[in-house]
Structure formats: structure tokens, C-alpha cells
There are 2 protein chains.
Amino acid sequence: MTDETPKTGRRASIGARRSPATEAAILAAARDLLAERGYAGFTFEEVARRAGAGKPTLYRWWPTKADLLVDVYSAEKAATVRAPDTGSLPGDLLAYTSALWGFWRDTPTGRAFRGLIAEAQAGDVAQATLRDKFLPGRLKDVRGLFARAAARGDIRSDTIEDLVTLYIGFNWFHLTTGRIEDDAPAITRIALLLAKAGAASSSP
Amino acid sequence: MTDETPKTGRRASIGARRSPATEAAILAAARDLLAERGYAGFTFEEVARRAGAGKPTLYRWWPTKADLLVDVYSAEKAATVRAPDTGSLPGDLLAYTSALWGFWRDTPTGRAFRGLIAEAQAGDVAQATLRDKFLPGRLKDVRGLFARAAARGDIRSDTIEDLVTLYIGFNWFHLTTGRIEDDAPAITRIALLLAKAGAASSSP
DNA sequence: ATCAAACGATACGATCCGTTTCGTTGATAT
DNA sequence: ATATCAACGAAACGGATCGTATCGTTTGAT
């Protein structure tokens, strides 16, 4: 929990270097604003007002909205979705997907990610931020699930990358079209399909 | 080709019903504006100005930007991307995906589709428009490809819907992350994976 | 003849953008 | 000790767009 309206007085400069207090206040305000108003109400103007910061300060450290969204996400990333280990690929995928969708639905950080996808469609710079600064870290967890399945011999290792792509695409598709309610049956079907797609040929 | 700046005088009301001339002028102006300035410069203000129409008229028929984008996009895509019939599911998917990515890459309207996805993330109404008014129509072509494969006995018919979801997700993922260059090998691998995922069990 | 609704024009208040100016603060280099 | 430099918050800016309201005009439907 964070202060919605910081009661402290103004934070003056602490010299010719970035102020951690200001940075923290801005990130907290950004997170709260996302939680309350969603991506639609997420403006630099309002973040600055809540943080008791000047707009030039925001623009100095976060040139675009995408940059700020990435930092908001990263700040809480630790306590988010952890990779499960159920012993089977479909089991792992069901657990991971359920957790991921719940995270996207129910947390400010999750909503920040949805806004980031939106932001990335408006400009090439933001799109590069999404693809190069955001995606690789996200992919690592998922790739781990498939790599373990390959190590068990459940899928061929040369299908891992493509299965990851299909799986991430499936999740993003559901996110961007607003269908991330809990739907274990549907997720299970997809998980089984992916497992089968990657399985070794029937006549080795 | 359409008039960029209609030289005609003002179109008065034709009575208590929607004016086809006005509708056509607005859609033409919207398409031209998208072509020239892309999604970033796509505003109701400018569309109305070019069409020689009043803003209230636009808002009356297209309450949100998403609605107008859907109308422009649907017309253009139908005329550009056609469902192929190569005789095999992987062949169909390769042909269709290449055409689709080319459309997204190389046409102003296709490029604007990113904007539609972005728009849908900003509000629930726009998201519902994307999901309920736009998606079903676009899915029909793709579902046809898989349905034909099922009719040939190449895939099980109860996997069609899930394969469609995986396939669309794959495409959107590549679009939203800016990776829709021509990549036949990658598309082929995905097509083969999907075909295998839907195939009948290996040991019946 | 009356009514209803669409039309274009115009103006409005509101919001947000991204930038600029200003005076203040404090760490760092000299 | 002093000068320099950059970050800070405040405020204001010009500009763009939003979505709505108002107005008089036009024409089909009743």
C-alpha cells in the first residue's frame, strides 16, 4: 500500500543527481493511478500531480509512457507469476496460464502490461521497448517449462521456440481481446494441443 | 482512388434518414487520412474536415474511433486478403499468413490495424467492438481453412476452434511485436506444428 | 401541414500533450 | 571556500483533440 496523496512537503533537489525519493514517489503514484483508473486514466499530468512532482521531472527520466509502464511492471515483478513444476507439460501450462491470467486480471501490475501492449502499437519506439526490453525476460520462464518437457523427452527440443511463440501468442490474444476469465477447460485443451504438437513422431 | 478534398458543395440533409453520400465521403476521407498520416494522425476532427462533414455526424454513426476503423479495415481487407486453397493445411496456412502479413506491412489500412488493437486496450467499449464486431467476421476465413482440413480428414474436427485460436494468436503476437517481415521458414514450421497438433491420434 | 431526424457549421469547456522558464537546492570539482 | 552543474517543483505556454451543445436548414414520412 502507498500514499495516494503524499502529505509531505515538496521534495527539493538533493543536488545534481537523481532523487530516489522522487523516483519512488512517481513509481508509487503511477502504480496507484493504474490501479484506480486503469490505462485510460494513466496520464503524465496526473502521475506528476499525485507524486507531487513536476512534469519535466517525469519527462527527464521516462521519455515515453511505455518507459514508465515498464518500470512500474519491473518494480513489482518479483512477487508475480512463478514457474510451476507439476511434472508434466500440460500440467505446467495449466498452472502457469491460470496464474498469469489471474495476474493480468487482478493486479495493477498486470494492467500495466496490458497498457504497455497498447502503447507499443502507437509508435515504433515503444514497440521496440516492448519487444527488446520486456519480452525476453517474460519468455525465459515459459521457455523453461518447455525445456524441462524436452529434457523429459515429452517434446522434441527443436520445437521449443515455436511452441513458446504459439503459447505466448495464445495468451496475448486472450489478453488483448479481453477474455482472460478463468477457463481451465479451454486452457487445458490448448496445453494438450501444444504438447501433442511438440511430441516426437509416432513412428521413430 | 477517392477525392482527397471533395470539391462539391455542402451536402445538406436528405431527410430524416442516413445519407449514403455522407457515409461514403466519411469512409473515403478516413481511408485517405489513414493512408497519408497513419494511425497517429487519424482523428475525428480531421476526418470530418476532409469529408466536409460535421463532427456530430461522425459521432452519431461511429461512437468511437474503433468503430470507424473497423469499417474502414473490413472493407479493405476483404478486397485484399483472400482465402487460398492449396490442398493441404500447411500450404493454406503458409499462403494465407504470407498474404496477411504482407497486407499488414504494405498497406496503410493494414498498418492501421495495430492502432485498432491499441484502441481496444484503452476502453472496454472499444475492446468489445474488436472482439464482438470485428473478430467474428475475420475468423471466418481462417476457420474455413481448418474446416476444409477436417473435411479431408487431416485434422480432427473438434480441434478446429482451438487451432484457430492458436493460429490467430500467433499472427497477432508477431504483429504487436513488430515482427511481420516475410519469414516463410518460420511460418512453415508453425503451420506444420498446428497440423500435427490437430492430427488424429497416432495409435488408434 | 406537421413532425421527426439527419445534415453542416460553429463554438464550447475540458483535458492532455510536450516544452519552456524560473528560482532553489545541494553534491562535486577545483 | 567557492564556483559549477544538474536535478528539483512550480507554473505557464501553445497546440491539439476530445465529446457535446446549439443552431438553422433540408427533406421524407405521417
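Just so it is clear: chains get the letters A, B, ... in the order the sequence lines come, proteins before strands, and each one is counted from 1.
Scored by the salt bridge (Lys or Arg N to Asp or Glu O under 4.0 Å) test, Asp67(A) finds no partners at all (sequence neighbours excluded).
A heavy-atom distance below 4.5 Å is found between the side chains of Tyr39(B) and Lys65(B).
Checking Asp71(B) against Trp62(B) by side-chain atom types alone, a donor-acceptor pair falls below 3.5 Å. With hydrogens and angles left out, the side-chain atoms of Asn171(A) and Trp101(A) include a donor and acceptor closer than 3.5 Å.
The stretch residues 122-158 of chain B participates, sequence neighbours left out, in these ring pair (Phe, Tyr, Trp, His ring centres under 6.0 Å) pairs: Tyr73(B)-Phe134(B), Phe113(B)-Phe134(B).
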Does Thr177(B) form a side-chain hydrogen bond (donor to acceptor under 3.5 Å, both in side chains) with Arg131(A)? I'd like the steps, not just the answer. CA-CA 6 Å; Thr177(B) 52; Arg131(A) 182 180 60 243; over 6 Å; no
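The two residues Lys55(A) and Ala48(A) make their nearest non-hydrogen contact at CG-CB, 4.0 Å.
Contacts between residues 17-24 of chain A and DNA chain D, counted as heavy-atom distances below 4.0 Å, involve Arg17(A), Arg18(A), Ser19(A), Thr22(A).
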Using a 3.5 Å cut-off and no angle test, enumerate the donor-acceptor pairs between side-chain atoms of residues 90-97 of chain B and protein atoms at least two apart in sequence or in another chain.
from     : atom 1 : to        : atom 2 : distance (Å)
Asp92(B) : OD1    : Thr86(B)  : N      : 2.6
Asp92(B) : OD1    : Thr86(B)  : OG1    : 2.8
Asp92(B) : OD2    : Arg148(B) : NH2    : 2.8
Tyr96(B) : OH     : Lys77(B)  : NZ     : 3.2
Thr97(B) : OG1    : Leu93(B)  : O      : 2.6
Thr97(B) : OG1    : Tyr167(B) : OH     : 2.5

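Atoms CZ (Arg50(B)) and P (dT17(D)) sit 12 Å apart, rounded to a whole Å.
Protein chain A contacts DNA chain C over a range whose 5' and 3' limits, counting nucleotides with an atom under 4.0 angstrom from a non-hydrogen atom, are dC16(C) to dA27(C).
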Assign a letter to each nucleotide of nucleotides 18-26 of chain D from its 5' end: B, base within under 4.0 Å of a protein heavy atom; S, sugar-phosphate only; -, no contact. BBBB----B
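Phe173(B) and Phe173(A) have their aromatic ring centers separated by at least 6.0 angstrom.
Within the 3.5 Å criterion, the main-chain N or O of Arg18(A) finds no donor-acceptor partner in the side chain of Thr22(A).
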